[in-house]
Every structure is written in structure tokens, then in C-alpha cells.
Amino acid sequence: MAYVITSPCIDIKDGACTAACPVDSIYEGGRMFYIHPGECINCGLCLSICPVDAIVWDEEIPDDRRIFLDVNREFFEPSVTGMGSPGGWDKSRSTDKDHALVAAHPRSPASAPHL
């Protein structure tokens, strides 16, 4: 794995990273984006454009966000989406599913659904 999307992306999903990724290795889940560990080419364009500093190089990931190494990898496995290695994101591959850790993350008041 090269780059990892972490908790600051939850409920923000700016999406600038998806436009910057030259190989479309960033996929949209319900509450955040995920980087496919086998498709990322380690170019760093997503890191440079993320407005909330959610993207971290795996060699420099802080201890409190280390779990997101597993979160990004497991998102593509049968236990979450079953996407496997789709070979590049497009809108048809977006899903409302999230890794269990992301789904359980408390919603911020700004992102809570309005009634």
C-alpha cells in the first residue's frame, strides 16, 4: 500500500482526490473514500490536493490512524464490498457501503441528516 485515506475524510468526501488520481485508485464509499492498495501507484497527487489532510503515506501514518491501513484494504474484500480489484474507479463503482469502523464512527453535527 502506498497512500491511505484516514478519519478526516469521514462525512467530508470532498472528492478532489478522485479527480487528481491518474489511475483512478480512489473509490467512493458511503461516508468516505478509500484507496485501493493494489492499484495506487504512489504518486502522491491525492495527498497534495486533499483539503482536510485525510491522506497519509503508509510509512508516515500516525499511530492513532494506523487502523486505516486495514480499513482501506478490507473495504475491497468480500466482508465489506467484495469489489476485489476492479481496475479503476468510476461513478458506477460508488457504493453506500463502508468499512464497519467507518460506519460506526459518530457523525459530526454538521454532517447529521436534517429532519
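With a 4.5 Å cut-off on side-chain heavy atoms, Val23 and Cys21 count as touching. Side-chain atoms of Ser94 and Tyr27, non-hydrogen and from C-beta on, never get closer than 4.5 Å to each other.
No continuous path of hydrophobic side-chain contacts links Leu45 to Val4 [ILVMFWY only; heavy atoms under 4.5 Å]. In the hydrophobic clustering of this structure, Ile12 does not group with Tyr3; members are Ile, Leu, Val, Met, Phe, Trp, Tyr whose side-chain heavy atoms approach within less than 4.5 Å, directly or through other members. Linking ILVMFWY side-chain heavy atoms closer than 4.5 Å, directly or via other members, places Leu69 and Ile35 in a single hydrophobic cluster.
Remark: Ser85 engages His36 in a side chain to side chain donor-acceptor pair (under 3.5 Å) (not counting sequence neighbours).
Taking CZ of Phe76 as the start and CD of Glu39 as the end, the distance is 7.0 Å to the nearest 0.5 Å. Taking CD1 of Ile67 as the start and OG of Ser7 as the end, the distance is 11.5 Å to the nearest 0.5 Å. Annotation: the span from Ile10 atom CD1 to His105 atom NE2 amounts to 4.0 Å, rounded to 0.5 Å.
Under a 3.5 Å cut-off, the side chain of Asp98 and the backbone N or O of Gly30 do form a donor-acceptor pair. Looking only at distances, a side-chain donor or acceptor of Lys13 sits under 3.5 Å from a matching main-chain atom of Gly29.
Contact detail for Asp53 and Arg65: the closest heavy-atom pair is O-NH1, 3.3 Å. Here the closest non-hydrogen pair linking Val80 and Phe75 is CB-O, 3.5 Å. Closest heavy-atom contact between Ile55 and Leu47: O-CD1, 2.9 Å. Contact detail for Pro22 and Ile41: the closest heavy-atom pair is CG-CD1, 4.1 Å. Closest non-hydrogen pair, Pro8 versus Val52, comes out as CB-O, 3.5 Å. Considering all non-hydrogen atoms of both residues, Phe33 and Asp14 come closest at CE1-N, 4.3 Å.
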Report task. List the steps, then state whether salt bridge (Lys or Arg N to Asp or Glu O under 4.0 Å) holds for Arg31 with Asp11. Result -> CA-CA 5 Å; Arg31 294 181 64 194; Asp11 295 328; 2.6 Å; yes
Query raised in the report: Do Asp24 and Thr18 pass the side chain to side chain contact (heavy atoms under 4.5 Å, CB included) test, and can you show the C-alpha distance, the side-chain angles, and the key distance before you say yes or no?
Result: CA-CA 7 Å; Asp24 297 321; Thr18 63; over 6 Å; no
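Considering Cys17, Cys40, Pro86 as possible partners of Ser25, the one that fulfils the side chain to side chain contact (heavy atoms under 4.5 Å, CB included) test is Cys40. Just one of Val56, Asp58, Thr6, Ile5 meets the side chain to side chain contact (heavy atoms under 4.5 Å, CB included) condition when paired with Phe68; it is Thr6.
For the salt bridge (Lys or Arg N to Asp or Glu O under 4.0 Å) condition, the pairs that include at least one residue of residues 78-91, sequence neighbours left out, are Glu28-Lys91, Asp90-Arg93.
Side-chain atoms of Tyr34 and Glu74 form no donor-acceptor pair, as typed in the model, at a separation below 3.5 Å.
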